[in-house]
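Keep in mind that this is a model prediction, so the values were computed, not measured.
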Amino acid sequence: MNSTTEIDELISKMTGEKILRHTCQLLVKDENGKLKPHGSAVFVIVAGIHFLITASHVTEHWSDQNQLYIRIGKNNYVSLVGELRETDLSIDEKIDLSYVKIDERIIPDLKKPYLFLPVSKIRDHKLLNGAANYCVMGYPEKSLANIDDKIEPVAQAYYLSPSSEKVYEHYKFDPNMFYMLDMKGKGTNIKTGEVAKTGTHFYGISGCGLWLMIIDSDGKNHSIDYRLIGIMTEFRNTKFLSLIGIRIKLFLDAMTTLEKIELFQKAV
């Protein structure tokens with residue numbers, strides 16, 4: 001097995017076994033009471049407190065009348081309960097980040113299928129031009145597969161490279177606050193392993209994580225680790241097709257300023 005194949009297999013394994021379990025799909029009820037895809041999110045734990053991180057436009061209408069649901073089993077769902085903090089999109093629609101301090105009553109149910117990411121695996125990061133070791137992992141609303149004779153939503157993982165400076169300039173995004181990644185080619189369906197064209201619409205992945213895949217080697221064997229570096233918020237598809245995320249630094253800053261949590265390890 002050559003090194004490239006080995007690394008690809010290690011990344012795929014890490015994505016499917018770890019990152020997938022840090023990620024959930026958020027759903028809402030339609031006018032007929034049927035659940036439909038609404039967004040994606042990431043579970044994290046900081047100082048023993050359980051959080052869900054997503055985009056503000058995913059949570060902006062969340063209320064007792066407009067609940068958000070999370071799948072916790074083949075046919076079981078839990079309604080999201082907790083304390084919400086979100087950026088004000090009326091002030092700046094690009095600063096699109098929210099988090100929920102999850103009510104402890106639903107934590108046992110969530111921990112059955114999901115893993116809460118420790119803060120030691122969250123870091124601020126400057127994208128490396130030309131590097132392709134960035135993974136966007138979420139639930140596009142049209143990503144479906146026939147599993148056990150039932151149509152099921154499935155996550156998609158996209159392994160991407162940073163956009164060039166001209167893309168930031170064209171769409172007017174500040175590289176000190178946002179991440180932009182080139183989207184082209186194909187994506188891997190994490191649950192089926194199938195490779196398919198990515199298309200040009202990514203509704204449903206808003207709120208999912210942007211992950212740095214860290215590749216190490218001892219000269220003979222390779223190892224893979226990962227860090228959460230951003231939350232995906234939107235995509236643009238006029239002159240350039242680009243996925244856009246906000247740096248996780250905004251969440252880390254909120255932990256210290258709003259939650260009064262002293263972070264000893266921001267980046268490891």
Exercise for review: Might you work through the side chain to side chain contact (heavy atoms under 4.5 Å, CB included) test for M180 and L243, ending with a clear yes or no?
Suggested key: CA-CA 6 Å; M180 302 190 74; L243 298 188; over 6 Å; no
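- A donor-acceptor contact shorter than 3.5 Å links the side chain of H22 to the backbone of L115.
- In this structure, the side chain of S206 does not engage the main chain of A55 through any donor-acceptor pair within 3.5 Å.
- Taking hydrophobic clusters as Ile, Leu, Val, Met, Phe, Trp and Tyr residues chained together by side-chain heavy-atom distances below 4.5 Å, L26 does not share a cluster with V154.
- One distance of note links OG1 of T54 with CD1 of I231; it measures 7.0 Å at 0.5 Å rounding.
- The aromatic rings of F251 and F51 sit perpendicular, their planes meeting at an angle over 60°, well past the 30° parallel limit.
- To the nearest 0.5 Å, atoms CD1 (I244) and OG1 (T233) are separated by 6.5 Å.
- Looking only at atom types and distance, the side chain of Q25 has no donor-acceptor partner in the side chain of S40 under 3.5 Å away.
- L228 CG to I53 CD1: the interatomic distance, rounded to the nearest 0.5 Å, is 6.0 Å.
- Using a 4.5 Å cut-off on side-chain heavy atoms (C-beta onward), T23 and Y139 make contact.
- With a 4.5 Å cut-off on side-chain heavy atoms, E259 and R85 count as touching.
- Residues T15 and M213 form a side-chain contact, since some pair of their non-hydrogen atoms from C-beta on lies under 4.5 Å apart.
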Practice item. Give the C-alpha distance, both sets of side-chain angles, the deciding distance and a yes or no for side chain to side chain contact (heavy atoms under 4.5 Å, CB included) between I261 and I49. Key: CA-CA 10 Å; I261 298 172; I49 303 171; 4.0 Å; yes
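- In the hydrophobic clustering of ILVMFWY residues, with side-chain heavy atoms under 4.5 Å counting as a link, L20 and I224 come out together.
- Taking SG of C135 as the reference point, atom CE of M14 lies at 11.5 Å (rounded to 0.5 Å).
- Judged by distance alone, the side chain of T87 and the main-chain N or O of L97 form a donor-acceptor pair under 3.5 Å.
- Residue P140 comes nearest to Y158 through the heavy atom pair CG-OH, 3.4 Å, listed as atom of the first residue, atom of the second, then distance.
- The aromatic rings of F240 and H170 sit perpendicular, their planes meeting at an angle over 60°, well past the 30° parallel limit.
- Electrostatic pairing of K94 and E234 does not count as a salt bridge here, judged by no charged N lying under 4.0 Å from a carboxylate O.
- Looking at every heavy atom in both residues, Q67 comes nearest to V28 through O-CG1, 3.7 Å.
- Sequence neighbours left out, not one pair with a member in residues 26-37 passes side chain to side chain donor-acceptor pair (under 3.5 Å).
- Scanning all heavy atoms of the two residues, the minimum distance from V81 to I106 falls at N-CD1, 3.7 Å.
- When all heavy atoms are compared, the tightest approach of G230 to Y179 is CA-CE1, 4.0 Å.
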**Study point:** W211/V136 under side chain to side chain contact (heavy atoms under 4.5 Å, CB included): CA gap, chis, key distance, verdict
**Key:** CA-CA 6 Å; W211 305 85; V136 172; over 6 Å; no
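- Using a 4.5 Å heavy-atom threshold, the side chains of R71 and N76 count as separate.
- You'll find the side chain of F116 reaches within 4.5 Å of the side chain of I102, heavy atoms only.
- Shown here for D253 and T256, the closest heavy-atom pair between the two residues is O-OG1, 2.9 Å.
- Side-chain rings of F43 and Y114 approach one another, their centers coming within less than 6.0 Å.
- Following chains of ILVMFWY side-chain contacts shorter than 4.5 Å, one can reach I246 starting from Y171, so the two form part of one hydrophobic cluster.
- Here the closest heavy-atom approach between residue D174 and residue Y168 is recorded as C-CD2, 4.5 Å.
- Note: Q156 CD to I205 CD1 = 10.0 Å, rounded to the nearest 0.5 Å.
- Cluster annotation: V44 is not connected to V78 through the hydrophobic network of ILVMFWY side chains, with a link wherever side-chain heavy atoms come within less than 4.5 Å.
- By the 4.5 Å heavy-atom criterion applied to side chains, Y77 and I70 are not counted as neighbours.
- Here the straight-line distance linking atom CG of L250 with atom CG of L252 works out to 9.0 Å at 0.5 Å rounding.
- A cation-pi arrangement, defined by a distance under 6.0 Å to the six-membered ring centre and an angle within 45 degrees of its axis, is absent between K18 and Y226.
- Other residues, nucleotides and ligands contribute more than 12 heavy atoms inside 6.0 Å of the CD atom of E104.
- In terms of modelled atom types and a separation under 3.5 Å, the side chain of D96 and the main chain of S56 share a donor-acceptor contact.
- In this structure, Y203 has its ring center at least 6.0 angstrom away from the ring center of H38.
- Note: the hydrophobic cluster containing V42 also contains F178 (ILVMFWY, side chain heavy atoms under 4.5 Å, direct or indirect links).
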Practice item. Applying side chain to side chain contact (heavy atoms under 4.5 Å, CB included), run through I72 and K112 and close with a yes or a no. Key: CA-CA 7 Å; I72 56 171; K112 293 174 184 177; over 6 Å; no
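- Atom CD of E165 has 12 or fewer heavy atoms from other residues, nucleotides or ligands within 6.0 Å.
- For the residue pair S223 and D216, no side-chain donor N or O sits within less than 3.5 Å of a side-chain acceptor on the partner.
- Within the 4.5 Å cutoff, the side chain of I229 has heavy atoms near those of the Y134 side chain.
- Contact annotation: the side chain of L10 approaches that of H222 to within less than 4.5 Å [non-hydrogen atoms, C-beta and beyond].
- Screening R247, K249, R227 against D124 for a salt bridge (Lys or Arg N to Asp or Glu O under 4.0 Å) leaves a single residue, R247.
- In this structure, the side chain of S242 engages the main chain of L181 through a donor-acceptor pair within 3.5 Å.
- Using a 3.5 Å distance cut-off with no hydrogens or angles, the side chains of N66 and H61 do not pair a donor with an acceptor.
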